[in-house]
Amino acid sequence: MGSIADNLRQIRATLPPEGVELVAVSKFHPAEAIAAAYAAGQRSFGESRANELKTKAETLPDDIRWHFIGHLQTNKVRPVVAIASLIHSVDSARLLDAIDNEAARIGRPIDVLLQIHVAKEETKFGFHPDELIDFLTPERVASLKAARIAGVMGMASNTDDSDRITADFRAIRQVFDTLSSGVMATYPGFNIVSMGMSHDYLAAVDEGSNMVRVGSAIFGDRDY
Ligand SMILES: *Cc1c(COP(=O)(O)O)cnc(C)c1O
């Protein structure tokens, strides 16, 4: 692997010049790795644990946009709502309400994405497509006080089968399109499709992703 700056440059070169945001997934990597990416111009970083996000945000520059991408328990929303610019992983009504209440309580509006489950793995979190379309009624959308629904997030199956990966991304994009032309048609700022990771982000962009979450291809392997 090259340096973090080289990796970032190479990945950016494979993305369209505009219209796709690169989130550098820094989970499990030290603050020094984030600082190196920051020095190379990167400003959006993804974290998957509330405590880790909090610790890193305290020591790193204020103009970083933190993305929360991991499974979030309702008892951990407080630090995440206080820090994150975007929460990608809203996977239940209960979590959406908890985020909305906390954001209203501290007076900090927050953008969220609804996580869609299409991958074949049973353990992945998220709404199934039909479930999400049923869940997101106009009343539900109108009831939000401080959480703003900015789009959807999803993952493809963890497989080498490129047809399956393409089909998964297409299914996620389709849910976004259905919501965009339906319940979210007049909702300002419903425009993010977050999909694609180190091994499949190019396929995701081909299928209409406009936000990719790339970790190991930038920072190297993670030590869990
Ligand atoms: C860890 C993670 C990523 C980044 O994965 P890489 O394979 O390292 O690029 C992206 N999205 C989510 C939701 C993750 O948990």
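Order of appearance sets the numbers: ligands from 1, and atoms from 1 within every ligand.
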Within the 4.0 Å heavy-atom shell around [X], which atoms of ligand 1 are there?
X	result
Val214	9 (O)
Gly215	4 (C), 6 (P), 8 (O), 9 (O)
Ser198	6 (P), 7 (O), 8 (O), 9 (O)

Both conditions, 6.0 Å and 45 degrees, for the charged tip of Arg65 above the ring of Phe45: are they met here?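 Judged by the rule (NZ or CZ under 6.0 Å from the ring centre, within 45° of its axis), Arg65 is not positioned above Phe45.
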If you measure every N or O of His199 against every N or O of ligand 1, does any of those distances drop under 3.5 Å?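 No.
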Contact (N/O only, under 3.5 Å) between Met155 and ligand 1: no
Looking only at heavy atoms, what is the nearest atom pair of Ile34 and Phe219, with distance?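 Taking every non-hydrogen atom into account, N-CE2, 4.3 Å.
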Evaluating non-hydrogen atoms only, which member of Arg213, Lys27, Met197 is closest to atom 2 (C) of ligand 1?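 Minimum heavy-atom distance to atom 2 (C) of ligand 1 goes to Lys27.
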If you take the nearest heavy atom of each of Val23, Val212, Ile69, which one is closest to atom 13 (C) of ligand 1? Ile69
What part of His88, side chain from CB on, backbone N/CA/C/O, both or neither, has a heavy atom under 4.0 Å from ligand 1?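 It is neither part, as no heavy atom is under 4.0 Å.
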More than 12 heavy atoms of other residues, nucleotides or ligands under 6.0 Å from CZ of Arg78: is that the case? no
Taking salt bridge (Lys or Arg N to Asp or Glu O under 4.0 Å) as the definition, give me every residue that meets it alongside Glu32, ordered by chain and number, with sequence neighbours left out.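 Scan of Glu32 (salt bridge (Lys or Arg N to Asp or Glu O under 4.0 Å), adjacent residues dropped) gives none.
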side-chain contact (heavy atoms from CB on, under 4.5 Å) with Ile11: which of Asp6, Leu202, Val214?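 Going through Asp6, Leu202, Val214 one by one, the side-chain contact (heavy atoms from CB on, under 4.5 Å) with Ile11 is satisfied by Val214 alone.
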Going by salt bridge (charged side-chain N to carboxylate O under 4.0 Å, His left out), Glu47 matches just one of Arg213, Lys27, Lys76, Lys56. Which one?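 So the option named by the test is Lys56.
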